[in-house]
Each structure stands twice: as structure tokens, then as C-alpha cells.
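Here the structure is laid out as C-alpha cells; the discussion comes afterwards.
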Amino acid sequence: MSGVSELFDSYEQEYLVLRNSLGVKIDTQLPTLRGEERKALGRASERELEEIDEIVKQMEIELHNLPQTLRSRLHGKMRTYKAEITQLKKQFVCRSGVVSDSGERDELLGDHTVLALDSASMDQRSRLLSGTDRLQDSSRRLQDSHRLALETESLGVGILSDLRSQREQIQHTRDTLFEADSSIDRATRTLKSMTRRYAA
């Protein structure tokens, strides 16, 4: 979407790819398989469900870094994505047969999904967390830059205040010298006048 950050766009593209992949696995492939193939595809679907959950969480984090106008425009889309994930989880439970215990089923459909992870999903999670770390690092750098700008501004105000004070002191000294020169001129004229009187 035009005007949205590249990171948000990247997460959104990953979400759409995974959503479509899960839809095919759950709706088309799982019902046709049996035995170990069915279990293997079920485990793969579980991993993708966790990945897609994580991606949406990262999208929500990035959403907070966007301008208010964009956030308002994207909130509806995020609600739609969450509803799609919930529907995918329900379809998975109904069609996979992987989760047999009702407690496990509730956990799978809850807000805090716990699914099996393999090395591929761990790599995906690490990449997403790395993106979050980069965002936090950028935020810290912006805060440091802002603090430095404030300190520089404060220093500049102090220097200007010192210069103003020095200017006033120089002005006062110059005025004093002018007064001293005037006094010397008057004294000189007086002495010359007295000298002429005595000479006369």
C-alpha cells in the first residue's frame, strides 16, 4: 500500500503468502491425506500458524510507528487479518485431527497459541525479532539525537546570554571612557585658561 512503511509492507506480503499457503493445506491437502503424510502436513500447518501469528504481532508493532492517519486506515485491515487467522485455526482443528484433547484445542484457538517449532520456524522468529530490535535501536538513536539537539540548543542559549552580558560590559566601559575623555577635555581647557590669566 502506498504511504505505508517498507517494513509493514514486507510483513503484509509475508502474511498474505502464508495465509494462502495455509488455506491450501487446510482446505485442499489435509482432507485427502492419511497416516504419516497427514501428520507431517499437520505439523507443517501448525508451524505456519505460529509464524503467521508472529507476523501479525510484528505488523501491530510497526503500526504504532506510523502516523496517526495511516494507523486509523490500517486498523480495520488488522482486524480482518486477525479474524482470518482465527478462522484458519478453527478449520485446522476440524480437518487435521492433530489436536485431540479439548484443552489443547482451546489453547490452539486462544490468544496465546503454542505450537511445535522446528529450525525453520525458529529462523523465521529470529528474523522477525531482529526486525523489532532494529526498530528499537532506531528509536533509541532518534531519542539520542533529540537529546543532543536540546543540549546544543541549551548551550547556544547560554553562549548568547554570555555574549549579551559581555556586550553590555563593553558598552558600559566605552561610556565610562567617553565620560573620562570629556572630563579630561574640560580639565585641559580649564588649565589653559588659568595659564593664560597668569601669563597676562
Side-chain angles (χ1 to χ4, degrees), residues 1-30 39-96 98-99 104-153:
M1 174 185 296
S2 176
V4 181
S5 74
E6 291 183 4
L7 188 56
F8 187 93
D9 281 337
S10 175
Y11 288 140
E12 187 173 29
Q13 290 303 314
E14 290 182 41
Y15 168 83
L16 295 173
V17 170
L18 269 178
R19 183 197 64 187
N20 294 337
S21 173
L22 277 165
V24 172
K25 284 183 175 68
I26 294 171
D27 291 334
T28 305
Q29 297 177 355
L30 271 174
K39 291 180 181 179
L41 187 62
R43 286 191 292 270
S45 298
E46 286 180 340
R47 291 192 293 270
E48 289 188 3
L49 281 169
E50 181 168 54
E51 289 174 18
I52 204 170
D53 259 340
E54 189 66 31
I55 289 171
V56 169
K57 290 177 184 177
Q58 296 302 322
M59 289 170 70
E60 287 184 309
I61 292 173
E62 177 61 15
L63 195 63
H64 290 299
N65 296 321
L66 298 176
Q68 179 61 40
T69 53
L70 284 177
R71 289 204 301 271
S72 300
R73 189 147 48 100
L74 293 172
H75 275 309
K77 176 174 284 193
M78 294 302 300
R79 286 194 296 270
T80 299
Y81 289 165
K82 289 180 180 180
E84 289 175 347
I85 293 175
T86 300
Q87 185 62 29
L88 283 170
K89 290 175 181 177
K90 290 179 179 178
Q91 291 173 349
F92 173 72
V93 170
C94 292
R95 299 179 183 179
S96 69
V98 173
V99 181
E104 292 178 354
R105 180 182 294 106
D106 291 340
E107 184 177 348
L108 177 64
L109 296 177
D111 291 336
H112 303 286
T113 306
V114 180
L115 300 172
L117 294 174
D118 64 1
S119 59
S121 60
M122 288 297 291
D123 289 343
Q124 176 77 359
R125 176 184 287 255
S126 297
R127 186 164 63 85
L128 293 172
L129 292 177
S130 177
T132 301
D133 291 339
R134 288 197 298 272
L135 284 174
Q136 292 174 345
D137 187 54
S138 297
S139 177
R140 283 193 295 269
R141 287 200 298 270
L142 286 173
Q143 290 174 356
D144 290 341
S145 298
H146 181 63
R147 184 171 57 253
L148 179 60
L150 291 177
E151 291 173 355
T152 302
E153 181 182 9

Strictly by modelled atom types, are K25 and S21 linked by a side-chain donor-acceptor pair under 3.5 Å?
yes
From CD (E12) to CE (M78), nearest 0.5 Å:
9.0 Å
How many angstroms lie between atom CD1 of I85 and atom OG1 of T80, to the nearest 0.5 angstrom?
11.0 Å
Q68, CD atom: more than 12 neighbouring heavy atoms under 6.0 Å:
yes
Determine the sole option in K89, E84, K90, K82 for which the side-chain contact (heavy atoms from CB on, under 4.5 Å) test with T86 is passed.
K90
Would F8 and L74 count as a side-chain contact (heavy atoms from CB on, under 4.5 Å) here? Give the steps.
CA-CA 11 Å; F8 187 93; L74 293 172; 3.9 Å; yes
Value rounded to 0.5 Å, distance of OH in Y81 from CD1 in I55
11.5 Å
Rounded to the nearest 0.5 angstrom, the CG-CD distance for L18 and E54 is 12.0 Å
Decide yes or no on side-chain contact (heavy atoms from CB on, under 4.5 Å) for R79 and H75, but give the supporting numbers first.
CA-CA 6 Å; R79 286 194 296 270; H75 275 309; 4.0 Å; yes
Atom CG of L49 and atom CG of L22: how far apart are they, to the nearest 0.5 Å?
5.0 Å
Heavy-atom pair of closest approach, residues L7 and E62
CD2-OE1, 3.6 Å
Please check if the side chain of Y11 supplies one atom and the backbone of Q58 the other of a donor-acceptor pair under 3.5 Å.
no
Counting N and O atoms only, with roles assigned by atom type, does the side chain of S45 sit under 3.5 Å from a partner on the main chain of L41, one being a donor and the other an acceptor?
yes
Report the distance from atom CG of L16 to atom CD of E14, rounding to the nearest 0.5 Å.
10.5 Å
